Amino acid sequence: MEEKNLDFIRTIISEDVASQKNEGRVHTRFPPEPNGYLHLGHAKSICLNFGIANEFNGLCNLRLDDTNPSAEKVEYARAIQEDVKWLGFDWDDRLFHASDYFQQLYEWAVQLINEGKAYVCELSFEEMRKHRGTLTEPGKNSPYRERERSESLDLFERMKAGEFEEGSKTLRVKIDMHSPNLNMRDPVIYRILHQEHPETGDKWKIYPSYDFAHGQSDSLEGITHSLCTLEFEHHRPLYDWFCQNLQIHHPQQIEFARLNLNYTIMSKRKMLRLVEEKHVDGWDDPRMPTLSGMRRRGYTASAIRSFCEKVGLAKRENVIEMELLEFCLREDLNKKAHRRLGVLEPLKLTISNYPDDQVEELDAVNNPEDPSAGTRKITFSKHLFIDRNDFMEDPPKKFFRMAVGKEVRLKYAYYVTCKEVVKGEDGKIMELICEYDPQSRGGGTPDERKVKGTIQWVDSTTAINPEIRLYDRLFKAPNPDDVEEGKDFLSNLNPDSLTSLSSALVEKSITDLKAAEPFQLERIGYFTVDSKSKSPDSLVLNRTVAMRDSWAKKHLK
RNA sequence: AGCCUGGUGGUGUAAUGGUAGCACAGGAGUUUUUGGUACUCUCAGUCGGGGUUCGAGUCCCUGCCGGGCUGCCA
């Protein structure tokens, strides 16, 4: 690490390494709660934590922060591991759970009681809230605050044994009911929960709170820098308090601003609603900003990593524009995606001067950005299809595509000129009759005449018909939470976020592609085979992202 | 209202008292068998007011604005 222009966290860590703090060690961790799927915001944190460990020759642990069994599921824990691996990071044998430390945490709680620093409180939720005070008024001490240590010890023991109802008692730490930081007003560190835990089963009837578990878990794992988002800033004094009072290794908590993206949400809670209320197809719906959804949509891990690098790191609130994400995606896909031909809305094209029964094979380049990707054969015959929007009866000035009397190039094939438009009774265009120039095979002619327009096509003798799904942003508003009084983010859902096309045609070689391999349908966009599509009879293709289209953009108005 | 925290082009992020830079987006152009890609050029910024200094985005004071905090969630 010698480059300058480090972000503020890497600056701190460089200085710590230089001053031999923690003997020069760097050890981070990524600590998700298994109560939902990982999303793009988590990707930022994963890239940060694992990235820093890499850059400083350190380590990064994966820790499932499972202190609240009422919200957590093994399905989520499984998905988290899959997603972190897919993103390209490896925790080796360092997968931990906060629940691994329940026994130690319990002993530390007993220690605090013995030292007169913690007590069992019997205030109800409501009473505790009243005692806490408000933002402007100090709180009042709990009537149980000064009870005998032995009594607290006994009660805590019986809480653990499951003798009391949920909510009836808590273990609180004695700090300061007058603190301007509400988190310091005798926070609860243990609550009664008669809940099976995915990892510890029915062993525990009491569970530690986040504040009592997180810092100590970091400490036990020898974490040096505990990176978290801004909302934990007010918890740092507590984090520090426990490390100091327990006299244990004291990692440094550093907060950074979480990632926000416009036109979407970045909250597990809201995503859960979308899933539960069936506004989407599940956590891995290709419209979701979850890693599993983006993967299914066709996003590559490298594009997401590049994005996480480019968004930067600071403490100020931010909303990143979707365009940056799409830029990273296209930049990556452009280099690696093989090209294929396909048409979304087929329009029949017949070449009148082409032999009736002839079918020939032409060479098509797989990836102009990567010669090593080679070429493939595509068939060509008298009856083809082009995309309906590549023809205009009454074209504007700079329309380069097909129109009556204009010559265009069929990519990798021949020059054709439209001679006649065949219409149905309703006036709809049914077919184009064209003539081709046999001299233009492959896309060029001996006279080297210029043909500005090049369009894609498919051959009727070999094309296949997959279902194609086009996606648009999930929400209509840049900030989905920006709603009228009495409404919520759901009112901003984009009703057109999914369009399914049933009559599209693509070249047959699509079936040669491996699952999850990205490809480009030339001039249309990047696609991938939907991971849930049953091949090959009912092939489903997801459009990952459309091509940049400067023509469409300019002509929007 | 109290406490904490933050304010640099449209968006994001650098510059740590010494030429305000980079990326995305926007605009113009060159190349092109993808109206793609690549390349070139371009538009545009230090929240306001005081102060310290030869010199302030940076330090000090003050005002304004944004975000967070009153779970036995994390």
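Proteins come first, then strands; the chains are lettered A, B, ... in the order of their sequence lines, and each starts at number 1. Please read all numbers here as calculations on a predicted model, not as lab measurements.
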Peer 1: Considering every strand and a 4.0 Å limit on heavy-atom distances, what is the contact class for A:Pro31: base, sugar-phosphate, or nothing?
Peer 2: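 Nothing, no nucleic acid heavy atom in range.
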Peer 1: Distance check needed: B:rG35 P versus A:Ile455 CD1, whole Å only.
Peer 2: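 Computing the A:Ile455:CD1 to B:rG35:P distance gives 10 Å.
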Peer 1: Tell me: CD1 of A:Ile524 to P of B:rU34, nearest whole Å?
Peer 2: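 Roughly 15 Å, once rounded to whole Å.
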Peer 1: Given atom CZ of A:Arg330 and atom P of B:rA23, what is their separation to the nearest angstrom?
Peer 2: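 Rounded to the whole Å, the gap is 18 Å.
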Peer 1: Would you measure the distance from the C1' atom in B:rU13 across to the matching atom in B:rG71 and give it in whole Å?
Peer 2: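 Roughly 35 Å separates the two C1' atoms.
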Peer 1: Who does B:rC69 pair with, Watson-Crick or G-U, both distances under 3.5 Å?
Peer 2: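 The answer is B:rG2, by the H-bond criterion.
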Peer 1: Pick base, sugar-phosphate or nothing for A:Lys268, based on heavy-atom distances below 4.0 Å to the nucleic acid.
Peer 2: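 Nothing, no nucleic acid heavy atom in range.
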Peer 1: Suppose you measure atom P in B:rU19 against the same atom in B:rA74; what distance do you get, rounded to whole Å?
Peer 2: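 Here B:rU19 and B:rA74 have their P atoms 49 Å from each other.
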Peer 1: Distance-only, no hydrogens or angles: does the A:Asp387 side chain make a donor-acceptor pair with backbone N or O of A:Glu345 under 3.5 Å?
Peer 2: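 Between the backbone of A:Glu345 and the side chain of A:Asp387 there is a qualifying donor-acceptor contact (under 3.5 Å).
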Peer 1: Would you please indicate yes or no on a ring centroid separation below 6.0 angstrom for A:His235 and A:Tyr239?
Peer 2: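 They do not qualify: ring centres at least 6.0 Å apart.
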Peer 1: Testing A:Tyr526, A:Tyr299, A:Phe327 one by one against A:Val545 for a side-chain contact (heavy atoms from CB on, under 4.5 Å), which residue passes?
Peer 2: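 With A:Val545 as partner, side-chain contact (heavy atoms from CB on, under 4.5 Å) holds for just one option, A:Tyr526.
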Peer 1: State whether the number of non-hydrogen atoms from other residues, nucleotides or ligands found under 6.0 Å of A:Arg269 atom CZ is greater than 12.
Peer 2: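 At most 12 heavy atoms, drawn from other residues, nucleotides or ligands, come within 6.0 Å of this atom.
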Peer 1: Under 4.0 Å between any heavy atoms, over every strand shown, what does A:Arg548 touch: base, sugar-phosphate, or nothing? Just pick one.
Peer 2: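 Touches sugar-phosphate only.
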Peer 1: Excluding sequence neighbours, so at least two apart, what forms side-chain hydrogen bond (donor to acceptor under 3.5 Å, both in side chains) with A:Asn389?
Peer 2: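 Testing A:Asn389 for side-chain hydrogen bond (donor to acceptor under 3.5 Å, both in side chains), a comparison that skips the adjacent residues, returns none.
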Peer 1: Mind telling me whether A:Phe475 and A:Phe489 have parallel, tilted or perpendicular rings, with 30° and 60° as the class edges?
Peer 2: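 Tilted: the ring planes of A:Phe489 and A:Phe475 meet at 30° to 60°.
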Peer 1: Less than 4.0 angstrom between a side-chain N/O of A:Arg129 and OP1 or OP2 of B:rG71, yes or no?
Peer 2: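 Answer no for this pair, as no side-chain N or O of A:Arg129 is under 4.0 Å from OP1 or OP2.
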Peer 1: Taking B:rG68 as the reference, what is the distance to B:rG12 when you measure between their P atoms (whole Å, please)?
Peer 2: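 To the nearest whole Å, 16 Å.
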Peer 1: B:rU5 base to A:Glu255 side chain: any donor-acceptor pair below 3.5 Å?
Peer 2: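 Answer no: no donor N or O sits under 3.5 Å from an acceptor.
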Peer 1: Quote, to the nearest angstrom, the C1' distance that separates B:rG45 from B:rA23.
Peer 2: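 To the nearest whole Å, 15 Å.
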Peer 1: Looking at the side chain of A:Arg523, which of B:rU37, B:rG35, B:rC73 is the nearest nucleotide?
Peer 2: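 The listed nucleotide nearest to A:Arg523's side chain is B:rG35.
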Peer 1: Could you run through nucleotides 11-17 of chain B and give me one letter per nucleotide, 5' to 3': B if any protein heavy atom sits under 4.0 Å from the base, S if only the sugar-phosphate is that close, - if neither?
Peer 2: SSBSS--
Peer 1: Which part of the nucleic acid does A:Tyr414 contact within heavy-atom distance under 4.0 Å: base, sugar-phosphate only, or nothing?
Peer 2: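 Contact class for A:Tyr414: none.
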Peer 1: Considering only the P atoms, how many Å lie between B:rG26 and B:rG36, rounded to the nearest integer?
Peer 2: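 Looking at atom P only, B:rG26 and B:rG36 are 12 Å apart.
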Peer 1: Does CG belonging to A:Asp447 count more than 12 external heavy atoms closer than 6.0 Å?
Peer 2: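 Above 12, so yes.
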Peer 1: Starting from the 5' end of RNA chain B, give me the residue, A:Glu233 or A:Thr136, whose nearest nucleotide shows up first.
Peer 2: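 That would be A:Thr136.
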Peer 1: Is the A:Phe156 to A:Tyr190 ring centre distance short of 6.0 Å?
Peer 2: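 Ring centroids of A:Phe156 and A:Tyr190 are less than 6.0 Å from each other.
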Peer 1: Ignoring hydrogens and angles, does a donor from either the side chain of A:Glu369 or the base of B:rG36 sit under 3.5 Å from an acceptor on the other?
Peer 2: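 By the distance-only test, yes, there is a pair.
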Peer 1: Under 3.5 Å, is there an N or O donor on one side and an acceptor on the other linking the side chain of A:His235 and the base of B:rA74?
Peer 2: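 Yes, a donor-acceptor pair under 3.5 Å.
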Peer 1: Does A:Ser209 put a side-chain nitrogen or oxygen below 4.0 Å from OP1 or OP2 of B:rA74?
Peer 2: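 For B:rA74, OP1/OP2 do not have a side-chain N/O of A:Ser209 under 4.0 Å.
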Peer 1: Look at all strands and tell whether A:Gln520 reaches a base, only sugar-phosphate, or nothing, counting heavy atoms closer than 4.0 Å.
Peer 2: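 Here A:Gln520 touches the bases of the nucleic acid.
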Peer 1: Quick one: look up who B:rC24 pairs with, Watson-Crick or G-U, both distances under 3.5 Å, and put none if it's unpaired.
Peer 2: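 The base-pairing partner of B:rC24, which may sit in any strand shown, is B:rG10.
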Peer 1: Considering only atom C1', compute the distance from B:rU70 to B:rA1 and round it to an integer number of Å.
Peer 2: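 It comes out at 13 Å once rounded to the nearest Å.
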Peer 1: Would you mind reading off the distance between A:Asp481 atom CG and B:rG68 atom C1', rounded to a whole angstrom?
Peer 2: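 Interatomic distance, CG of A:Asp481 to C1' of B:rG68: 15 Å.
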Peer 1: Closest approach of A:Tyr263 and A:Pro480, non-hydrogen atoms and distance?
Peer 2: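 Between these two residues, the closest heavy atoms are C-CG, 4.2 Å.
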Peer 1: Tell me what A:Glu522 touches on the nucleic acid: a base, only sugar-phosphate, or nothing, going by heavy atoms under 4.0 Å.
Peer 2: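 Base contact - A:Glu522 has a heavy atom under 4.0 Å of at least one base atom.
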Peer 1: Measuring only between side-chain heavy atoms, which start at C-beta, is A:Leu347 closer than 4.5 Å to A:Asp390?
Peer 2: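 The answer is no, as the side chains (C-beta and beyond) never meet within the 4.5 Å cut-off.
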Peer 1: Work out which heavy atom in A:Asp332 is nearest to a heavy atom in A:Ala303; give both atom names and the distance.
Peer 2: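 Minimum heavy-atom separation between A:Asp332 and A:Ala303: OD2-N, 3.8 Å.
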Peer 1: When both hydrogen-bonding distances must be under 3.5 Å and the geometry is Watson-Crick or G-U wobble, what is B:rA44 paired with, if anything?
Peer 2: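 Across all strands, not a single nucleotide pairs with B:rA44.
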Peer 1: Grab the CG-P distance between A:Asn366 and B:rU34 for me, whole Å please.
Peer 2: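 Distance check: A:Asn366 CG to B:rU34 P gives 16 Å.
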Peer 1: At less than 4.0 Å, is any side-chain N or O atom of A:Arg132 found next to OP1 or OP2 of B:rG71? Yes or no.
Peer 2: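 True: A:Arg132 side-chain N/O within range (under 4.0 Å) of B:rG71 OP1/OP2.
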Peer 1: Determine the contact category for A:Thr170: base if any of its heavy atoms lies under 4.0 Å from a base atom, sugar-phosphate if only primed atoms, P, OP1 or OP2 are that close, otherwise nothing.
Peer 2: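 Base, at least one base atom sits under 4.0 Å.
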Peer 1: B:rA56 pairs with which nucleotide, Watson-Crick or G-U wobble, both distances below 3.5 Å?
Peer 2: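 With both distances under 3.5 Å required, B:rA56 matches none.
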Peer 1: Which way is the base of B:rG50 turned, syn or anti, if we draw the line at 90° from 0?
Peer 2: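 You should classify B:rG50 as anti.
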Peer 1: Roughly how many Å apart are B:rG55 and B:rG18, using the C1' atom of each and rounding to a whole number?
Peer 2: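 The same atom, C1', in both gives a distance of 7 Å.
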Peer 1: How close do A:Leu238 and A:Pro187 get, heavy atom to heavy atom, and via which atoms?
Peer 2: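 A:Leu238 and A:Pro187 have their closest heavy atoms at CD2-CG, 3.8 Å.
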Peer 1: What is the nucleic acid contact for A:Arg269, judged by heavy atoms within less than 4.0 Å: base, sugar-phosphate only, or nothing?
Peer 2: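 It contacts base atoms.
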Peer 1: Identify whether any heavy atom of A:Arg401 sits under 4.0 Å from a base atom; if not, whether one sits that close to sugar-phosphate; answer base, sugar-phosphate or nothing.
Peer 2: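 Answer is base: heavy atoms of A:Arg401 come under 4.0 Å of a base.
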Peer 1: With a 4.5 Å heavy-atom cut-off, do A:Phe242 and A:Ile189 have their side chains touching?
Peer 2: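 With C-beta onward as the side chain, the pair touches.
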Peer 1: Please classify the nucleic acid contact of A:Leu325 as base, sugar-phosphate, or nothing, using heavy-atom distances under 4.0 Å.
Peer 2: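 Result for A:Leu325 = nothing.
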Peer 1: Within the 4.0 Å heavy-atom criterion, would you say A:Tyr207 contacts the bases, only the backbone, or no part of the nucleic acid?
Peer 2: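 The residue A:Tyr207 makes no contact with any strand.
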Peer 1: For B:rU34, take OP1 and OP2 only and decide whether either is under 4.0 Å from a side-chain N or O of A:Arg339.
Peer 2: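 For B:rU34, OP1/OP2 do not have a side-chain N/O of A:Arg339 under 4.0 Å.
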Peer 1: Of the residues in residues 184-192 of chain A, which ones touch RNA chain B at a heavy-atom distance under 4.0 Å?
Peer 2: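 Correct list: A:Val188, A:Arg191.
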Peer 1: Taking any heavy-atom pair under 4.0 Å as a contact, classify A:Asn181: base, sugar-phosphate, or nothing.
Peer 2: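 It contacts nothing in the nucleic acid.
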Peer 1: Using the P atom on both, measure B:rA44 against B:rC22 and round to a whole Å.
Peer 2: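 The answer is 15 Å between these two P atoms.
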Peer 1: Flag as yes if A:Phe125 stacks onto the base of B:rC72 (centroids under 5.5 Å, planes under 30°), otherwise no.
Peer 2: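 Base of B:rC72: stacked against A:Phe125.
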Peer 1: How many whole angstroms separate atom CD of A:Glu323 from atom C1' of B:rG27?
Peer 2: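 Result: 16 Å.
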Peer 1: Could you tell me how far apart A:Glu127 (CD) and B:rG71 (P) are, to the nearest whole angstrom?
Peer 2: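 In whole Å, B:rG71 P lies 15 Å from A:Glu127 CD.
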Peer 1: Given atom NE2 of A:His39 and atom P of B:rA74, what is their separation to the nearest angstrom?
Peer 2: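 These atoms are roughly 16 Å apart.
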Peer 1: Check every strand shown and say whether A:Gly444 touches a base, only sugar-phosphate, or nothing at a heavy-atom separation below 4.0 Å.
Peer 2: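 Answer is base: heavy atoms of A:Gly444 come under 4.0 Å of a base.
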Peer 1: Quick one: label A:Ser70 by what it contacts on the DNA or RNA (base, sugar-phosphate, nothing), any heavy atom closer than 4.0 Å.
Peer 2: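 Result for A:Ser70 = nothing.
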Peer 1: Does any non-hydrogen side-chain atom of A:His97 lie less than 4.5 Å from one of A:Arg63?
Peer 2: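 When only atoms from C-beta onward are counted, A:His97 and A:Arg63 do not touch, as no gap falls below 4.5 Å.
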Peer 1: Whether A:Lys553 contacts B:rG26 is assessed here as follows: a side-chain N or O lying under 4.0 Å from the phosphate OP1 or OP2. Is that the case?
Peer 2: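 Yes, within the criterion.
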